[in-house]
Number of protein chains: 2
Amino acid sequence: MVRHPLPEEIELTDVLHALSDPIRLRIVRNLAASDEGRCCNGLSVGVSKSTLSHHLKVLREAGVTRTRMSGTQRLVSLREDDLEERLPGLLASVLGAARAAA
Amino acid sequence: MVRHPLPEEIELTDVLHALSDPIRLRIVRNLAASDEGRCCNGLSVGVSKSTLSHHLKVLREAGVTRTRMSGTQRLVSLREDDLEERLPGLLASVLGAARAAA
DNA sequence: CCGGTTGTTCGACCAAGAGCGAACCACCAG
DNA sequence: CTGGTGGTTCGCTCTTGGTCGAACAACCGG
């Protein structure tokens with residue numbers, strides 16, 4: 001349905017850029033706290049749905065998240081495995097720092 | 001002489017944003033390969049000196065680098081210790097991924 | 001004093017991107 | 001068929017930010 005980069009297409013600068021936005025970082029933290037992925041609606045980040053869709057697209061195209069269909073709605077989840085392979089340790093340290101800062 | 005954030009003022013999103021630019025990432029990789037810091041001129045990244053000055057300012061104000069005088073010229077170096085304290089593991093994983101991608 | 005080196009700052013330009021509402025699509029329940 | 005839900009896409013505005021040249025400042029060497 002939508003574009004996801006292959007694991008080897010994940011670019012460091014794209015990922016860093018995706019994570020450098022406070023709203024997207026909140027989304028990622030939110031996703032990290034959920035095993036099964038979240039419906040877009042379950043991400044209460046206080047922006048309009050078009051803006052949320054935009055941020056999810058940025059995250060998806062950077063390779064940070066995966067979106068899959070589940071019935072009538074999309075489930076968004078972190079690509080922890082692919083990120084760890086391409087950028088080992090990065091997601092963990094970002095999440096750790098984000099948790100500490102909060 | 002110039003503004004450097006205190007260690008506790010270093011913000012994750014600022015650091016991620018600073019590192020998400022390819023030119024700044026090259027500068028950081030370059031600095032990581034040098035013990036003593038580099039004169040701005042020693043950073044051959046192929047931009048004009050005003051642009052270089054701008055990027056160094058972004059890195060400095062995000063807390064990624066430190067600039068100190070040495071005689072008549074400035075020496076730029078990574079704030080590895082402060083970054084490790086505030087954002088443990090982040091710089092290492094970014095540098096590791098950047099090295100792997102190159 | 002007069003260049004040359006090193007770097008910052010300023011002003012302008014232009015591209016990228018965040019934000020929103022509106023329109024739209026796909027789907028399910030009546 | 002009609003409505004509601006979940007989500008994307010499309011314009012549009014406005015801000016951010018990368019880029020450069022020019023001007024400036026501080027300093028050292030003749």
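Just so you know, these numbers come straight off a predicted model, no measurement behind them. In what follows, every chain begins at residue 1, and chains take the letters A, B, ... in the order their sequences are listed.
- Rounding to whole angstrom units, CG of residue A:L52 and C1' of D:dG7 are separated by 9 Å.
- Remark: A:R3 CZ to A:R60 CZ distance equals 10.5 Å, nearest 0.5 Å.
- For the atom pair CG (A:L78) and CG (A:L83), the distance works out to 7.5 Å, reported to the nearest 0.5 Å.
- The structure places CZ of B:R66 at 12.5 Å from CG of B:L75, a figure rounded to the nearest 0.5 Å.
- Rounded to whole angstrom, the span from the CE atom of B:M69 across to the C1' atom of C:dT5 amounts to 13 Å.
- Take A:R79 and apply the salt bridge (Lys or Arg N to Asp or Glu O under 4.0 Å) test, not counting sequence neighbours, and it matches A:D82.
- Atom NZ of B:K57 and atom P of C:dT6 are 22 Å apart (whole Å).
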Can you build the contact string for nucleotides 10-30 of chain D? Use B for base contact, S for sugar-phosphate-only contact, and - for no protein heavy atom under 4.0 Å.
-------SSBBBB--------

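- From B:L19, atom CG reaches atom CG of A:L12 across 8.0 Å, with rounding to the nearest 0.5 Å.
- Formation of a donor-acceptor pair under 3.5 Å by the B:S20 side chain with backbone atoms of B:H17 is found in this model.
- The side chain of B:R74 has C:dG7 as its nearest neighbour among D:dG7, D:dT8, C:dG7.
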